[in-house]
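Residue numbers start from 1 in every chain, and the chains themselves are labelled A, B, ... in the order their sequence lines are given, proteins ahead of strands.
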Number of protein chains: 2
Amino acid sequence: MERNTQQRQAILKAFEIAERPLAVQEILDLAQGDCPGLGVATIYRNLKALVGDKKLIVVDMPGGVALYELPGGHHHHHFSCNGCQKVFDVDGCGLNVKNLVPNGFTLKRHEVLLYGFCDSCSR
Amino acid sequence: MERNTQQRQAILKAFEIAERPLAVQEILDLAQGDCPGLGVATIYRNLKALVGDKKLIVVDMPGGVALYELPGGHHHHHFSCNGCQKVFDVDGCGLNVKNLVPNGFTLKRHEVLLYGFCDSCSR
DNA sequence: AGGCCAGTGATAATAGATTATCATTAAGGG
DNA sequence: CCCTTAATGATAATCTATTATCACTGGCCT
């Protein structure tokens, strides 16, 4: 049986409010607003379960920090801000795969990572 | 003073032979062919020094494993093979940055990561 | 309302990557 | 060739992220 706990609700709500990929620490900070006392172990447990249920997807970022986000469905990439360190979704792709993949290689998927400063940090 | 040790030579030679980005463990395996007894600490020490001297550059890959490569100079990206786990350089870019960056955001740099199977692993 | 047990929280344990320590080795100037 | 000392190798230590443990709590079925 799977229970609908306050903790799990708070975690999912954090993603709905943030509207961007979140790291474990960010999820913890946001969800603790709704659910004081929430512990890291619970975050990890629920993340694993939610990813298994396809309610969240993993975004592997360089540097070893895994981010999680709601499955939007459409093809998109990510923008990492050097100022606030937040990661934002970027709609669309802009990648021309033709003539990029070496001869004999088989392309399965791709990631585009943009780095710079977000709206707030650009000023 | 900076000494031209056999260890440092073996490390740089590994990159020249491999002609692709290498992880610490790969560098160790390759360089030990020229320099038996070479230890990990020496790899890390030299990598740090070589990156400081711009003789190597760091490639941060998702998953937290850092790769190193010779500074080729030209703009390129990387292809990660799901079969042999090796990473290869891919010349060119193919990314149309226009209309990709959100309003107000400032783009500083970008990375394109391709995943699939290399020539050998495609067969 | 009562009770079972999945889920939780605090913390210890684990895992993997990188760094520090220190006795020993060897690069290279004189 | 000798001597200074930077660099090395083995290993312990550290650091960070994640998982396991276990007593306790609260969701939810009856």
[X]: which other cluster members, linking ILVMFWY side chains closer than 4.5 Å, directly or transitively?
X: B:Phe117; answer: none
X: A:Ile17; answer: none
X: A:Leu114; answer: A:Phe79, A:Phe88, A:Val90, A:Leu95, A:Val97, A:Leu100, A:Val101, A:Phe105, A:Leu107, A:Val112, B:Phe79, B:Phe88, B:Val90, B:Leu95, B:Val97, B:Leu100, B:Val101, B:Phe105, B:Leu107, B:Val112, B:Leu114

Less than 4.5 Å apart, side chain to side chain, heavy atoms only: is that true for A:Ser120 and A:Cys84?
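No, their side chains stay 4.5 Å or more apart.
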Distance check needed: [N] [atom2] versus [X] [atom1], whole Å only.
X: B:Met61; N: C:dA17; atom1: CE; atom2: P; result: 15 Å
X: A:Leu47; N: C:dG7; atom1: CG; atom2: P; result: 15 Å
X: A:Leu38; N: C:dG7; atom1: CG; atom2: P; result: 15 Å
X: B:Asn46; N: C:dT18; atom1: CG; atom2: C1'; result: 15 Å
X: B:Ile43; N: C:dA17; atom1: CD1; atom2: C1'; result: 14 Å
X: B:Glu2; N: D:dT5; atom1: CD; atom2: P; result: 18 Å

Taking only residues two or more places apart in sequence, or in another chain, which ones meet B:Asp29 in a salt bridge (Lys or Arg N to Asp or Glu O under 4.0 Å)?
none
Listed by chain and number, what are the salt bridge (Lys or Arg N to Asp or Glu O under 4.0 Å) partners of B:Lys13, not counting sequence neighbours?
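Checked B:Lys13 against salt bridge (Lys or Arg N to Asp or Glu O under 4.0 Å); matches are B:Asp34.
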For DNA chain D, which residues of residues 5-14 of chain B approach it to below 4.0 angstrom with any heavy atom?
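Within this stretch, B:Thr5, B:Gln7 sit under 4.0 Å of the strand.
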Positions of residues 49-60 of chain A (non-hydrogen atom under 4.0 Å from DNA chain D), listed by number
none
B/S/- along nucleotides 15-23 of chain D (protein heavy atoms under 4.0 Å) is --SBBBB--
Donor/acceptor link under 3.5 angstrom from B:Arg3 side chain onto base of D:dA7:
no
I need the A:Asn96 CG to B:Asn96 CG distance, nearest 0.5 Å.
9.0 Å
B:His110 vs B:His77 aromatic rings, parallel, tilted or perpendicular, using cut-offs 30° and 60°?
tilted
Tell me, please, which residues at least two apart from A:Leu30 pass side chain to side chain contact (heavy atoms under 4.5 Å, CB included).
A:Ala14, A:Ala18, A:Leu22
Cut-off 3.5 Å, no hydrogens considered: what does the side-chain donor-acceptor table look like for residues 50-72 of chain A, sequence neighbours left out?
| unit_1 | atom_1 | unit_2 | atom_2 | d |
| --- | --- | --- | --- | --- |
| A:Glu69 | OE2 | A:His76 | NE2 | 3.0 |
| A:Glu69 | OE2 | A:His78 | NE2 | 3.1 |

side-chain hydrogen bond (donor to acceptor under 3.5 Å, both in side chains) partners of A:Thr106, counting only residues at least two apart:
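Once residues adjacent in sequence are excluded, the partners of A:Thr106 under the side-chain hydrogen bond (donor to acceptor under 3.5 Å, both in side chains) criterion are B:Ser122.
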Look at atom CD of B:Glu19 and say whether more than 12 heavy atoms of other residues, nucleotides or ligands are closer to it than 6.0 Å.
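Result for CD/B:Glu19: open.
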Using a 6.0 Å cut-off, check whether atom CD of A:Gln9 has over 12 heavy atoms from anything other than its own residue.
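Check passes, neighbour count above 12.
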Quick one: on DNA chain C, does B:Asn4 or A:Gly37 contact a more 5' nucleotide (nearest heavy atom)?
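In this pair, the answer is A:Gly37.
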Five-pair end axes of the helix from C:dA1-D:dT30 to C:dG30-D:dC1, angle between them (10°)
40°
